[in-house]
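Worksheet: the structure to be examined is printed underneath.
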Amino acid sequence: FEGLAPMARPVQIEVWNPNGKYRVVSTKAMPGTRWINLLIEQDCRVEICTEKKTILSVEDIVSLIGNRCDGVIGQLTEDWGEVLFSALSRAGGKAFSNMAVGYNNVDVNAANKYGIAVGNTPGVLTETTAELAASLSLAAARRIVEADEFMRAGRYDGWLPNLFVGNLLKGQTVGVIGAGRIGSAYARMMVEGFKMNLIYFDLYQSTRLEKFVTAYGEFLKANGEAPVTWRRASSMEEVLREADVISLHPVLDKTTFHLVNKESLKAMKKDAILINCSRGPVIDEAALVEHLRENPMFRVGLDVFEDEPYMKPGLADMKNAIIVPHIASASKWTREGMATLAALNVLGKIKDYPVWSDPNRVEPFLNENVPPPAASPSIVNAKALGLPVSKL
Ligand SMILES: NC(=O)c1ccc[n+]([C@@H]2O[C@H](COP(=O)([O-])OP(=O)(O)OC[C@H]3O[C@@H](n4cnc5c(N)ncnc54)[C@H](O)[C@@H]3O)[C@@H](O)[C@H]2O)c1
Ligand SMILES: O=C(O)[C@H](O)CO
């Protein structure tokens with residue numbers, strides 16, 4: 001790598017395996033070391049950006065790419081469009097992977113134009129993300145954050161019949177909008193864990209989820225308990241009207257931008273609970289703040305925000321809102337697994353490996369005791385680029 005033209009603007013980096021043949025850049029330090037070792041074993045020089053700022057600008061990343069780079073692992077906070085894909089292409093790059101399953105920060109058409117593969121990290125975060133949605137549901141139903149603040153403020157002076165009375169989940173209806181991997185996992189947790197009935201809306205039928213709820217209902221009935229039920233709604237409005245707890249899990253695209261707006265909020269029960277662990281712009285956040293102000297019994301649990309990392313004015317003051325900083329996938333196992341999948345996506349394209357045939361079945365890449373399959377776990381534009389599919 002000697003003799004390269006100097007970067008436009010220096011960006012601090014940490015280098016692993018300086019003599020590796022392929023140059024792979026990660027725009028952030030990522031959990032664990034397996035992802036680094038897997039790249040090094042396959043002759044990669046790994047450069048990790050150590051700049052202190054949280055969100056790198058497009059210019060920062062252009063500098064990181066430099067004039068020779070085979071692949072980049074990036075983050076959902078970065079704007080991967082024409083400028084970055086053309087810079088990566090000029091540097092001889094073949095692959096980019098988001099360390100995330102969502103890739104609404106990536107202009108896939110721009111990547112296609114330059115023949116660059118775009119990876120994401122499905123599956124490994126399904127349960128972890130669903131568990132946070134379930135945590136927010138419980139915290140909102142039982143007013144845990146308000147009660148915690150009350151205790152810390154030294155305001156507890158004895159048990160009272162009306163102190164922090166919330167909602168019982170058992171027997172109520174859970175509504176899921178977007179019953180894909182995460183939405184289905186969340187639905188199962190709420191149905192099985194709290195014996196809630198399910199209503200869901202998705203563009204596609206979730207047969208596995210329906211079968212699960214049917215079987216669980218039969219099991220309960222056989223044991224003398226009230227069975228749980230499910231229904232696939234024909235519109236989102238039906239879910240909003242009928243459910244007591246509603247959790248949003250669709251992808252963010254043109255069809256889901258402001259899916260929940262002033263009108264849809266009005267359609268919900270006055271004491272409903274709304275959870276969002278998908279992407280902030282799925283909710284019109286200004287309308288939500290107004291709704292929270294006018295309906296003190298309505299509660300919300302948010303992991304994501306419309307103008308992340310910022311919140312719309314007034315949201316932070318609302319007692320009926322629980323807000324956490326985009327941590328739904330933040331378990332150690334998941335974050336290390338996401339780093340591994342992202343690294344293997346990039347490595348697979350550099351080595352001309354085929355693409356794994358089923359991105360919902362990524363376990364073989366996560367087993368630390370055996371070498372991963374010679375394939376890229378999940379490339380979202382594999383078809384558009386005509387990439388071969390693994391026969392494994
Ligand atoms: N908060 C977090 O940290 C976090 C973590 C993981 C994923 N996510 C977000 O969750 C999203 C879902 O992840 P997944 O792995 O479950 O993806 P998935 O593709 O398995 O599921 C998405 C579902 O949304 C459905 N959908 C698409 N458009 C819709 C519409 N207009 N109305 C209703 N349903 C619609 C799809 O049919 C699909 O079933 C990701 O795209 C990402 O943005 C957030
Ligand atoms: O899309 C994703 O993967 C999340 O937002 C971060 O885990």
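Counting starts at 1 for both ligands and their atoms, in listed order. For the numbers below, each heavy atom of this structure counts, side chains included, while hydrogens, waters and symmetry mates do not.
- With a 4.0 Å heavy-atom cut-off, ligand 1 is reached by the side chain of His326 but not by its N, CA, C or O.
- Heavy atoms of Leu125 found under 4.0 angstrom from ligand 2 belong exclusively to the side chain.
- Where the criterion is an N or O separation shorter than 3.5 Å, residue side chain and backbone included, Ile182 meets it with respect to ligand 1.
- Using 4.0 Å as the threshold, Met99 has no heavy atom nearer than that to any atom of ligand 2.
- Those atoms of ligand 2 with a heavy atom of His326 less than 4.0 angstrom away are 4 (C), 5 (O), 6 (C).
- Annotation for ligand 1: atoms under 4.0 Å from non-hydrogen atoms of Ser329 are 3 (O).
- The shortest N or O to N or O distance between Thr255 and ligand 1 is below 3.5 Å.
- Contacts with ligand 1 closer than 4.0 Å are made by side-chain heavy atoms of Thr256 only, the backbone lying farther away.
- With Ser278, Ala330, Gly102 as candidates, the residue nearest to atom 9 (C) of ligand 1 on a non-hydrogen basis is Ser278.
- The part of Val304 lying near ligand 1 is the side chain, judged by heavy-atom distances below 4.0 Å.
- Considering backbone and side-chain atoms alike, Asn104 places every N or O at 3.5 Å or more from each N or O of ligand 1.
- Contacts between Arg181 and ligand 1 below 4.0 angstrom, taking non-hydrogen atoms only, involve backbone and side chain alike.
- Relative to atom 37 (O) of ligand 1, the option among Leu302, Asp303, Leu203, Asp202 with the closest non-hydrogen atom is Asp202.
- Annotation: atom 1 (O) of ligand 2 to nearest protein heavy atom, Arg279 NH2, 2.7 Å.
- Residues Asp43 and Arg45 are not paired through a salt bridge, judged by the lack of any N-O separation under 4.0 Å between the basic side chain and the carboxylate.
- Taking only nitrogen or oxygen atoms, main chain and side chain alike, Cys277 reaches within less than 3.5 Å of ligand 1.
- Comment: Asp70 does not engage Lys21 in a salt bridge, judged by the lack of any side-chain N to carboxylate O separation of less than 4.0 angstrom.
- Near Val101, the atoms of ligand 1 lying under 4.0 angstrom from a non-hydrogen atom of the residue are 6 (C), 7 (C), 15 (O), 40 (C).
- Considering Pro325, Gly180, Ala185 only, the shortest heavy-atom separation from atom 21 (O) of ligand 1 involves Gly180.
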